[in-house]
Amino acid sequence: MQATLNAIISIVRTPAILVGLIAILGQALQKKSFSDTVSSGIKTFIGFLVLSGGAGIVSTSLAPMSKMFMHAFGVQGVVPNNEAVVATVLVEYGTATALIMLVSMIVNVILARFSHFKYIYLSGHVMLYMAAMLAVIMQVAGFGFATEVLFGGLILGIWDTVSPALVQPFLREVTGGNTVALAHTGDFGYAFAGLIAKFTGDKRKSTEDLNIPKSVSFLRDSTVAITITMAVIYIILALFAGPEFVGKMSSGMNYIVFALIQAGTFAGGVYVILAGVRLILNEIIPAFKGISENLVPNSVPALDCPIIFPYAPNATIVGFFASFIGGVVSMFIMIGLHTVIVIPGVVAHFMCGATSGVIGNAVGGWRGAIIGAFSQGILISFLPLALLPVLGKIGLGGATFSDADFGVIGSLIGWSGVNGGVVMIIAAIVISLILFIVASIIASKHSADKTGQNKANA
């Protein structure tokens, strides 16, 4: 009996197996064949192991960067990177992460079904990252396992329903309709960028009217862009750190060659992670999407940010560079202010910057794309500073999450825990739910009034 109990506990505590079982459950609920159900579970299980392995590669490649930066400039430097933090978190908090993610999916469907906000959040990988952040912050704050999963899933489900709604007014300008929404941990930043672009740009002058040379079109491939940008950063740091210091870390390897290898290793790790994520999502998300479509009439699928890149390819490149420059400017400001230095994270600036560029262009033309993405780049550079003290308490002071939503939700939950423990976090989540309900009622009334006015005018 004890052996059976231990086996069950081991399964529950092993995230790869637990996520695989969730996939099997999802397929079974849709009455899929035995073959499809088993295949889905195995692919999800392997995908989780691939993701964990890739996260380990990324973490290994980032370690020399922090050492070189601190040696060269005599300051503490961190690179906001979700994968690097998640790699550490999943080792100890993997089970809680998986269950928070599952509860948040259920909460998202319930809120979308009964509220004005009909968005179903389908970007499972960033959902997983947010769940990981909440798992570690809430356990450190003193939550028991069951309450952590319940309240963590509740706040994540609320945010997964609200965040696409924040961006949708701007996204309609991009897509020309309401058939799709954005589900990404940069949603708050995209709304911020869209607002800035709307007031500073001119939508009549689009980036798509600009003639960007084909010689740089290869940067549209995220793996290439990540490799090149990380190579530039690594080489600059290696030059400042000096060949002697780098040689000690690399066991005598040429310091420039070592920098190139680390940049390629980082990009390779991200590629492996994305392969694992795709393997997981290809099984879990279709099952969940099928269920949600039956439960939530008139729902709008919220998908990952690359879905809008084809709408404005030039704005994609412009936004990436503008956001990265914003990160570099922020880094120098932090050096001047003698704060912790946040080194621009290329993954965040590419994905979030490119998306902000497309949205900024739709509402403010090429000027909106530049200013909006630049502003978003500054935002995601300074927001991680709010998370560092919280993450530092759990041994993650050398890394932090990147995109804007992590800063917003992480700061709300993290600092509530620092100032009032479990009680304050629960209070913050309950207040968030009340505000959600009020916002839904107001939005529904406004929509009804607008519909009535349109009918009267017709």
Side-chain angles (χ1 to χ4, degrees), residues 100-124 126-131 134 150-195 198 285 288-305 307-308 355 359 362-363 403-409 412-413 428-454:
I100 287 174
M101 179 179 173
L102 178 61
V103 171
S104 73
M105 289 178 171
I106 297 171
V107 171
N108 177 212
V109 171
I110 293 173
L111 293 179
R113 174 65 178 84
F114 295 104
S115 76
H116 176 79
F117 306 110
K118 302 296 182 181
Y119 304 102
I120 303 297
Y121 203 97
L122 296 176
S123 291
V126 293
M127 201 187 304
L128 177 71
Y129 298 161
M130 286 283 280
L134 290 169
L150 175 62
F151 285 101
L154 178 58
I155 187 61
L156 182 54
I158 292 172
W159 184 251
D160 286 347
T161 312
V162 168
S163 59
L166 296 177
V167 192
Q168 198 64 6
F170 305 105
L171 189 64
R172 290 191 193 102
E173 297 289 331
V174 176
T175 64
N178 199 48
T179 57
V180 69
L182 274 184
H184 189 252
T185 43
D187 279 357
F188 182 86
Y190 305 146
F192 177 77
L195 194 62
K198 185 174 182 178
I285 297 304
F288 180 75
K289 183 179 179 181
I291 296 170
S292 69
E293 286 178 342
N294 292 326
L295 294 177
V296 187
N298 302 317
S299 62
V300 179
L303 305 174
D304 201 359
C305 59
I307 62 167
I308 72 170
T355 307
I359 288 175
V363 299
D403 312 338
D405 291 6
F406 291 108
V408 174
I409 298 300
L412 171 66
I413 301 302
I429 294 173
V430 170
I431 292 172
S432 297
L433 179 59
I434 293 172
L435 291 176
F436 174 88
I437 295 172
V438 172
S440 176
I441 293 172
I442 294 174
S444 295
K445 185 177 185 304
H446 176 74
S447 179
D449 291 344
K450 188 175 181 179
T451 301
Q453 185 177 2
N454 291 337

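This one's a predicted model, so the numbers in the text were calculated from it and none came from an experiment.
- Put simply, the side chain of Ser123 gets close to the backbone of Asp304: a donor and an acceptor are under 3.5 Å apart.
- The shortest non-hydrogen separation linking Pro169 to Leu166 is CD-O, 3.6 Å.
- Atoms CD1 and CD1, on Ile434 and Ile429 in that order, are 12.5 Å from each other to the nearest 0.5 Å.
- Residue Lys198 qualifies as open at atom NZ: its count of foreign heavy atoms under 6.0 Å is 12 or below.
- For the pair Ile409/Leu156, no side-chain contact is recorded, criterion being any heavy-atom separation below 4.5 Å from C-beta on.
- At a threshold of 4.5 Å between non-hydrogen side-chain atoms, the residues Tyr121 and Trp159 do not count as touching.
- A distance-only check finds no donor-acceptor pair linking the side chain of Ser447 to the backbone of Ala443 [under 3.5 Å].
- Shown here for Ala362 and Val174, the closest heavy-atom pair between the two residues is CB-CG2, 3.5 Å.
- The two residues Ser432 and Leu412 come nearest to each other via the heavy atoms OG-CD2, 4.0 Å.
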Stepwise side-chain contact (heavy atoms from CB on, under 4.5 Å) check, Leu154 with Val103 | CA-CA 7 Å; Leu154 178 58; Val103 171; 5.9 Å; no

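- Residues Thr355 and His184 fail the side-chain proximity criterion, which asks for heavy atoms closer than 4.5 Å.
- Contact annotation: the side chain of Met105 approaches that of Met127 to within less than 4.5 Å [non-hydrogen atoms, C-beta and beyond].
- Side-chain polar atoms of Thr185 and Asp403 form a donor-acceptor pair below 3.5 angstrom.
- At a threshold of 4.5 Å between non-hydrogen side-chain atoms, the residues Asp187 and Pro164 count as touching.
- Taking the six-membered ring for Trp and thresholds of 30 and 60 degrees, Phe436 and Phe117 have ring planes inclined between 30 and 60 degrees apart.
- Of all heavy-atom pairs spanning Ile100 and Ala131, the tightest one is CG2-CB, 3.8 Å.
- Of the possible polar contacts, one joining the Ser440 side chain to the His116 backbone as a donor-acceptor pair under 3.5 Å is found.
- Formation of a donor-acceptor pair under 3.5 Å by the Asp160 side chain with backbone atoms of Asn108 is not found in this model.
- Within the 4.5 Å cutoff, the side chain of Pro301 has no heavy atoms near those of the Tyr119 side chain.
- Formation of a donor-acceptor pair under 3.5 Å by the Gln168 side chain with backbone atoms of Val180 is found in this model.
- Going from atom CD1 of Ile155 over to atom CE of Met130 covers 8.5 Å, rounded to the nearest 0.5 Å.
- With hydrogens and angles disregarded, no donor-acceptor distance shorter than 3.5 Å links the side chain of Tyr190 to the backbone of Leu171.
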Kindly determine whether Leu182 and Ile359 satisfy side-chain contact (heavy atoms from CB on, under 4.5 Å), including the steps that lead there.
-> CA-CA 11 Å; Leu182 274 184; Ile359 288 175; 4.0 Å; yes

Passes side-chain contact (heavy atoms from CB on, under 4.5 Å), Ile120 versus Val300? Steps please.
-> CA-CA 6 Å; Ile120 303 297; Val300 179; over 6 Å; no

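- In this structure, CZ in Arg113 is found 11.0 Å from CD1 in Ile110, a value given to the nearest 0.5 Å.
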Decide yes or no on side-chain contact (heavy atoms from CB on, under 4.5 Å) for Ser163 and Asp405, but give the supporting numbers first.
-> CA-CA 9 Å; Ser163 59; Asp405 291 6; 4.2 Å; yes

